[in-house]
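The block underneath contains the structure these notes are about, expressed in structure tokens.
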Amino acid sequence: MQTKPHAKARDYSSMAALSLAEDGMPACPSVAQLLHPVVPALVSSICQDILPRFHAEHDLLSLPVVDQHAKPVGIMDRHQYMEFFARPFSKEVFGKRSLSQIREAHRDAMIGAFPIAIPIVVDIATSIDDVARMIIDSDMRHMVNGVVVTRDERYVGVVHGHDLLHEITQRKQSELHYLAHYDALTKIPNRMLFSDRLNQACREALRSGREVALLFIDVDRFKQINDSLGHRFGDALLKAIAGRLLGCARDSDTVVRLGGDEFAILMEFIQTARDAEALAQRLVETMRQPFLILDRELSISISIGIAIYPRDDDQVDILLSKADAAMYEVKQSGRNGYQLFSASTTTFSSARSALEAELKQALANEEFVLYFQPQFDLAGDQVVGVEALIRWDHPRSGRLNPGSFIGLAEESGLIVPIGDWVLAEACRQHRAWMREGLPPLRLAVNISPLQFRQPDFILRVTRLLEETGVDPAFLEFELTEGIIMHDASLVLDMLSDLKNLGVHLSLDDFGTGFSNLGYLNRYPIERMKIDQSFVRGIDQMPINQSIVRSIVALAKSLGLQVVAEGVETEAELALVRECQCDEYQGYLLARPMSASEFSAWLAGRIVRE
Ligand code: C2E
Ligand code: MG
Ligand code: MG
């Protein structure tokens, strides 16, 4: 949401640019980076001359007011000012007066509610963290109208809380990115980053006609070592192994920990398979040298399987299973060595395609069930809604959480029929609960991006509502930011259609994926759910707290309600309450439950109340 610089604002923008160039990229970013130059109003300006600027510039959230020496004296909030002036009486009485005259007249009587509020003024070099803290300390009142920035005490621009939130969240995201992509123990990349790199390397190899080698490495008898010498020893050994792998690999290779005692090395652009074999040989020999761990000498060995792209497979995800299968053969034939995948490697099975086939069957075999997790309001701890969450009763693996199959369902397109089933089942359950005499609760259903993008999505929903006879007012669709960032006008039309059907809309996992907040006030969304990662440990992490506070302020400025997800402890709940979220959901009060557990649980609560 950017304030468009006024036509006459060029001097200010060049100042801002200059200050960035001078400062370079400071370790702790300053507000200079977020500066919006806005031509300020002079305190002697007549109110009626200023009003048209707000009318003409829709993105102008606030207008700084300065004296004749360009010293800031106030900041006008678009909403308050427009509201104030929209009343004919105000316009008549105040229209011809200057801002300073009005301010004088009302200084004592109307402070706070008056258009020229006391601004937060910061120097251009102030850090973003410090500004965030000031905004929080001022009860977030400056979240929307912003903070005035000065250089040598003279006005140079404004910074909006929205941009600040964006910046802070971006930083949080890079922190999350690190946590998600690197192994906490060994500090080398994890499976996630590995699959990114592997995909990238394979695409590049395909373009240049070269090959990529994948080494799958498993530590022999690690479990026994870990069990007999303890986890501390096991951890230290894994770190030392990672160190040796790094020592043997080339700079251009990627060494990763896949999990447990499994590692992998990605070798980009090998000349021949011999290169991979040479590295594998070196690794096997190096590992045989004794390790000194926690004052104890120990010898280990490793088994390595190698698969080459595109020779062994041109499907990246299958390549890893093939390297795994080759490794398994090394284990079978006595460990402590390496082997290339070959056509005779028989143990290979594509776990993924097996899962996909099973997923297809699951619908027909009615293996899916819905679980329900209550949502509470923070004001009175009443149950206000319930979220439907899918589970898969797998015939052999038992009950599976969506994390282990929704991704694949999405990639394979199966999410569309699965999503239809979820919606139908949720509606059916809602009717059943109503018949049982349960109070009518809002029922939230997750909608996946692919499901939403089906051309006949609205039609399917309409038909389903007719068939099940559920009052759409009790239905809420949880959408992700990914859905909303696509083709804005189409999405807007679809959301409006859903809204017209009577369905409520909320934005799930807010804060994890957005790049533009501007869309928020255009779409008919009523609620946003702050992602668990910001709520987790909110009582211990000031950055999470400032993000949650900023999101709440942003939501309030847009008239949206806020749901905090993943509240697990009393301390988190206390903070979420203090941050003025409206509702919450989390293990602290209730985990997801089956439909019958839920109705019994709810009945129990109602009796107690
Ligand atoms: P979500 O929509 O953000 O759902 C909330 C997830 O957080 C649920 O995980 C819930 O069990 C979990 N959760 C709630 N409170 C806490 C807490 O206090 N601590 C922790 N650690 N977790 C908590 P679940 O059921 O595993 O679902 C994961 C995700 O899978 C959902 O995230 C949603 O994105 C997706 N999903 C679930 N059901 C469906 C579905 O029917 N359709 C689609 N498209 N996606 C679904
Ligand atoms: Mg959800
Ligand atoms: Mg969520």
Side-chain angles (χ1 to χ4, degrees), residues 176 359 362-363 367-376 383 385-393 399-430 442-454 457 460-461 464 475-484 504-514 525 527-539 548 551 562-573 575-576 581 583-595 597-598:
L176 289 176
L359 207 51
L363 260 180
E367 289 166 6
F368 293 116
V369 277
L370 284 188
Y371 264 45
F372 299 90
Q373 188 181 30
Q375 300 173 326
F376 303 88
V383 181
V386 55
E387 177 175 5
L389 295 159
I390 194 169
R391 300 287 179 265
W392 179 9
D393 278 335
R399 180 148 299 172
L400 299 180
N401 281 334
S404 57
F405 61 90
I406 285 285
L408 182 61
E410 175 90 18
E411 281 167 36
S412 62
L414 285 167
I415 193 70
V416 176
I418 294 177
D420 280 349
W421 176 84
V422 169
L423 200 52
E425 177 62 15
C427 291
R428 193 200 59 73
Q429 189 58 59
H430 196 270
R442 187 181 75 213
L443 179 59
V445 177
N446 292 284
I447 303 294
S448 102
L450 187 69
Q451 200 182 347
F452 185 82
R453 284 201 294 273
Q454 294 305 299
F457 178 65
R460 284 165 191 255
V461 174
L464 193 92
L475 214 53
E476 175 161 285
F477 285 177
E478 290 195 1
L479 311 169
T480 56
E481 291 166 85
I483 292 184
I484 294 191
H504 300 280
L505 301 172
S506 74
L507 201 52
D508 206 354
D509 306 335
F510 187 79
T512 55
F514 70 88
I525 293 164
R527 232 179 305 281
M528 50 202 205
K529 302 184 71 178
I530 303 183
D531 188 64
Q532 308 197 0
S533 58
F534 301 109
V535 175
R536 182 88 56 258
I538 184 175
D539 50 316
V548 171
I551 294 178
V562 184
V563 185
E565 287 196 79
V567 174
E568 290 188 356
T569 65
E570 289 288 355
E572 285 166 2
L573 177 60
L575 256 147
V576 159
C581 291
E583 295 175 5
Y584 73 101
Q585 182 177 342
Y587 290 175
L588 177 65
L589 270 190
R591 287 177 175 256
M593 309 169 235
S594 71
E597 281 166 350
F598 176 74

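Atoms within a ligand are numbered from 1 in the order they appear, just like the ligands themselves. Side chains included, hydrogens not; waters and symmetry mates left out as well; all remaining heavy atoms used. Note that the coordinates shown come from a computational prediction; the quantities given were computed from them, not determined experimentally. One-based numbering along the sequence shown.
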What residues, two or more places apart in sequence or in another chain, satisfy side-chain hydrogen bond (donor to acceptor under 3.5 Å, both in side chains) together with Glu583? Arg442
Counting heavy atoms only, name the option from Leu450, Val535, Ile390, Leu370 that's nearest to atom 38 (N) of ligand 1. Ile390
What protein heavy atom is closest to atom 20 (C) of ligand 1, reported as residue, atom name and distance in Å? Glu568 OE2, 3.1 Å
Which residue holds the protein heavy atom closest to atom 45 (N) of ligand 1, what is that atom called, and what is the gap in Å? Asn446 CB, 3.7 Å
Kindly give the heavy-atom pair with the smallest separation between Gln375 and Ala444, and that separation in Å. NE2-CB, 4.4 Å
What atoms in ligand 1 come closer than 4.0 Å to a heavy atom of Val567? 18 (O)
If we ignore hydrogens and angles and just use 3.5 Å, is the side chain of Gln585 paired with the main-chain N or O of Val563 as donor and acceptor? no
Could you tell me the angle subtended at the Mg ion (ligand 3) by OD1 of Asp508 and OD1 of Asp509, rounded to 10°? 90°
List every atom of ligand 1 that sits less than 4.0 Å from any heavy atom of Arg536, numbering the atoms from 1 in the order shown and giving each element. 19 (N), 20 (C), 21 (N)
Of all N, O or S atoms in Glu387, identify the one at the shortest distance from the Mg ion (ligand 2). OE2
Sub-4.0 Å protein heavy atom next to atom 9 (O) of ligand 1: no
Just which atoms of ligand 1 are under 4.0 Å from any heavy atom in Asp509? 3 (O)
Taking only heavy atoms of Val422, which atoms of ligand 1 are found under 4.0 Å from at least one of them? 41 (O)
I need the single residue from Ile447, Ile390, Asn446, Ile415 that forms a side-chain contact (heavy atoms from CB on, under 4.5 Å) with Val422. Which is it? Ile390
Could you work out, for atom 25 (O) of ligand 1, the closest of Lys529, Gln375, Glu425, Arg391 by heavy-atom distance? Arg391
Restricting to non-hydrogen atoms, name the atom on Leu588 and the atom on Thr569 that form the minimum distance, rounded to 0.1 Å. CD2-O, 3.6 Å
Dump the intermediate steps for side-chain contact (heavy atoms from CB on, under 4.5 Å) on Arg460 and Val416, then the final yes or no. CA-CA 11 Å; Arg460 284 165 191 255; Val416 176; 3.7 Å; yes
Can you find an N or O of Asn401 that's nearer than 3.5 Å to an N or O of ligand 1? no
Write the atom name of the N, O or S atom in Glu478 that is nearest the Mg ion (ligand 2). OE1
If we ignore hydrogens and angles and just use 3.5 Å, is the side chain of Arg536 paired with the main-chain N or O of Gly566 as donor and acceptor? yes
Smallest separation among heavy atoms of Leu450 and Gly413, with atom names: CD2-CA, 3.6 Å
So for ligand 1, is Ala388 a polar contact partner (N or O within less than 3.5 Å, distance only)? no
Under 4.0 Å from a heavy atom of Pro592: give me the atoms of ligand 1 that qualify, with their elements. 11 (O)
Can you classify the ring geometry of Trp392 versus Phe405 as parallel (below 30°), tilted (30 to 60°) or perpendicular (above 60°)? perpendicular
Atom 18 (O) of ligand 1 [closest protein heavy-atom partner, distance rounded to 0.1 Å]: Tyr587 N, 2.7 Å
Please evaluate residues Phe368 and Leu359 with respect to the criterion side-chain contact (heavy atoms from CB on, under 4.5 Å), reporting the C-alpha separation (whole Å), side-chain torsions for both, the decisive distance (0.1 Å), and the verdict. CA-CA 10 Å; Phe368 293 116; Leu359 207 51; 4.0 Å; yes
So which bit of Ser448 gets within less than 4.0 Å of ligand 1, heavy atoms only: side chain, backbone, both or neither? both
If you measure from each heavy atom of Gly566 to ligand 1, is any distance below 4.0 Å? yes
Among Glu565, Gln585, Gln373, which one has a heavy atom closest to atom 15 (N) of ligand 1? Gln373
Do me a favour and list the nearest non-hydrogen protein atom to atom 35 (C) of ligand 1 with residue, atom name and distance? Pro402 CB, 4.2 Å
Non-hydrogen atoms of Ala564 and Val576 that approach each other most closely: CB-CG1, 3.6 Å
Assess the residue pair Gln451 and Asp420 against the criterion (side chain to side chain donor-acceptor pair (under 3.5 Å)); give the C-alpha distance rounded to whole Å, side-chain angles, the decisive distance to 0.1 Å, and a yes or no. CA-CA 8 Å; Gln451 200 182 347; Asp420 280 349; 4.8 Å; no
Would you mind finding which of Gln532, Glu410, Glu387 brings a heavy atom closest to atom 23 (C) of ligand 1? Gln532
Please evaluate residues Glu476 and Leu443 with respect to the criterion side-chain contact (heavy atoms from CB on, under 4.5 Å), reporting the C-alpha separation (whole Å), side-chain torsions for both, the decisive distance (0.1 Å), and the verdict. CA-CA 6 Å; Glu476 175 161 285; Leu443 179 59; over 6 Å; no
Any N/O/S of Glu565 under 2.8 Å from the Mg ion (ligand 2)? no
Quick one: nearest non-hydrogen protein atom to atom 31 (C) of ligand 1, plus distance? Leu389 CD2, 4.2 Å
Would Arg591 pass as a cation-pi partner of Tyr587, given that its NZ or CZ must be under 6.0 Å from the six-membered ring centre and within 45 degrees of the axis? yes
